[in-house]
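Structure record follows, encoded as structure tokens.
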Protein chains: 2
Amino acid sequence: MPNQQPSLDLMFQALADPARRSMVERLSRGPASVSELARPLDMSLPAVMQHLAMLEAGGIVASEKVGRVRTCRINPDVLSLAEHWINQRRTQWEQRLDRLGAFLAAEEDGETK
Amino acid sequence: MPNQQPSLDLMFQALADPARRSMVERLSRGPASVSELARPLDMSLPAVMQHLAMLEAGGIVASEKVGRVRTCRINPDVLSLAEHWINQRRTQWEQRLDRLGAFLAAEEDGETK
DNA sequence: GTGATAGTCAAGCAGTTGCTTAAGTGTCAG
DNA sequence: CTGACACTTAAGCAACTGCTTGACTATCAC
């Protein structure tokens, strides 16, 4: 059973690199082996492995080895966790702006009485 | 006019630190000065300034100095950019799962004919 | 002016990241 | 059994982070 409580730290960290995001983009179209992920990336295989390790640490992808090939796939639950955190901050700010607007409108009403 | 094309790199990087996320959380409840942001953070003011610089580099917050106090506020547009990137990957993967499920169901139908 | 306030600049330092190359380990195909 | 394949480990290195302290610089309040 996989330890399924990744921190936002590791999650956002994992997404903060273009090579890793390109791996996630590839995986969002379906599972892939390590060398498939490496192919478009112009870096050595060990480098790709290190990126993969960070993606796994962030809980964003999981992988499983069968025979000599390791197959990687995305974990959408964790992605939606990050999405949710951002959404909360954004909407909180936007609602504040709305309330502020309403308040200012009311003030102006009062003044013009 | 502020240069408003921050990279996903700097954006996610900015969100990958608990101190910076706590600053964003504080700012999502309304603008604040640098020392207000620093108060709950148990670190020196220069350290907070450095975090602030990364948040600005990621386009997540903007700040403006009036007199001797710098006031910081959130930029919701950039947050929704990050949110959107994540959402696209996640839904792409989930749709793929749906199509795969449909395909397998169809296969099974064929077999049982 | 004097002093407190709010922020800024700069140097320095331990720890992490992002890459490399070189040398393995385990599987599979013939 | 032998070679090719798909990783995996380890060592090493330049660059970047995250923090510190110490020294300034500009307000603002009196």
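Proteins get letters first, then strands, A, B, ... in listed order; numbering begins at 1 in each. Atoms considered below: every heavy atom in the structure, side chains included; atoms not considered: hydrogens, waters and symmetry mates. Keep in mind it's a predicted model, so treat the numbers as computed, not measured.
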Exercise. Is A/Arg20 reaching over with its side chain to a backbone N or O of A/Leu15, donor-acceptor style, under 3.5 angstrom?
Worked result: no
For this session: Would you mind reading off the distance between B/Asp9 atom CG and D/dC16 atom C1', rounded to a whole angstrom?
Result: 14 Å
Exercise. Which one, D/dA11, C/dT17, C/dA6, comes nearest to the side chain of B/Val69?
Worked result: C/dA6
For this session: Check whether any side-chain N or O of A/Lys65 sits under 4.0 Å from OP1 or OP2 of D/dT8, and answer yes or no.
Result: yes
Exercise. So which nucleotide from D/dT9, C/dG18, D/dT21 ends up closest to the side chain of B/Pro46?
Worked result: D/dT21
Exercise. Any idea which heavy atoms bring A/Ala47 and A/Met43 closest together, and the distance?
Worked result: CB-SD, 3.6 Å
Exercise. Which atoms form the tightest heavy-atom contact between B/Ser63 and B/Glu56, and what is the distance?
Worked result: OG-OE2, 2.8 Å
For this session: Report yes or no: is the cationic atom of B/Arg89 (NZ for Lys, CZ for Arg) closer than 6.0 Å to the six-membered ring centre of B/Trp93, at no more than 45° off its axis?
Result: no
Problem set entry | Interatomic distance where CE belongs to B/Met49 and P belongs to D/dT21 [whole Å] | 17 Å
For this session: Provide, to the nearest angstrom, the distance between the CG atom belonging to A/Leu52 and the C1' atom belonging to D/dA6.
Result: 13 Å
Exercise. Side chains of B/Ile60 and B/Leu27: closer than 4.5 Å at any heavy-atom pair?
Worked result: no
For this session: Using atom CD of B/Glu56 as one end and atom C1' of C/dT8 as the other, report the distance to the nearest whole Å.
Result: 13 Å
For this session: Find the distance B/Leu45:CG to D/dC19:P and express it as a whole number of Å.
Result: 13 Å
Problem set entry | Atom-to-atom span, CE of B/Met43 to C1' of D/dT17 - whole angstrom | 12 Å
Exercise. Would you say B/Arg70 reaches C/dT8's phosphate, i.e. side-chain N/O to OP1/OP2 under 4.0 Å?
Worked result: yes
Exercise. Between A/Phe12 and B/Phe12, how do the two ring planes meet: parallel, tilted or perpendicular, split at 30° and 60°?
Worked result: parallel
Exercise. Is B/His51 near enough to D/dT17 that one of its side-chain N or O atoms lies under 4.0 angstrom from OP1 or OP2?
Worked result: no
Exercise. Tell me: CD of B/Gln13 to C1' of D/dC16, nearest whole Å?
Worked result: 9 Å
Exercise. Going by modelled atom types, is there a donor-acceptor pair between the base of D/dC5 and the side chain of A/Arg68 at under 3.5 Å?
Worked result: yes
Exercise. Among side-chain atoms of B/Arg90 and A/Ser80, is any donor-acceptor pair under 3.5 angstrom?
Worked result: no
For this session: Starting at atom CD of A/Glu64, determine the distance to atom P of D/dT8, rounded to an integer number of angstrom.
Result: 13 Å
For this session: Examine C/dT20: is either OP1 or OP2 under 4.0 Å from a nitrogen or oxygen in the side chain of A/Ser44? Give yes or no.
Result: yes
Problem set entry | Nucleic acid contacts of residues 22-39 of chain B, taken as heavy-atom distances under 4.0 Å to DNA chain D | none
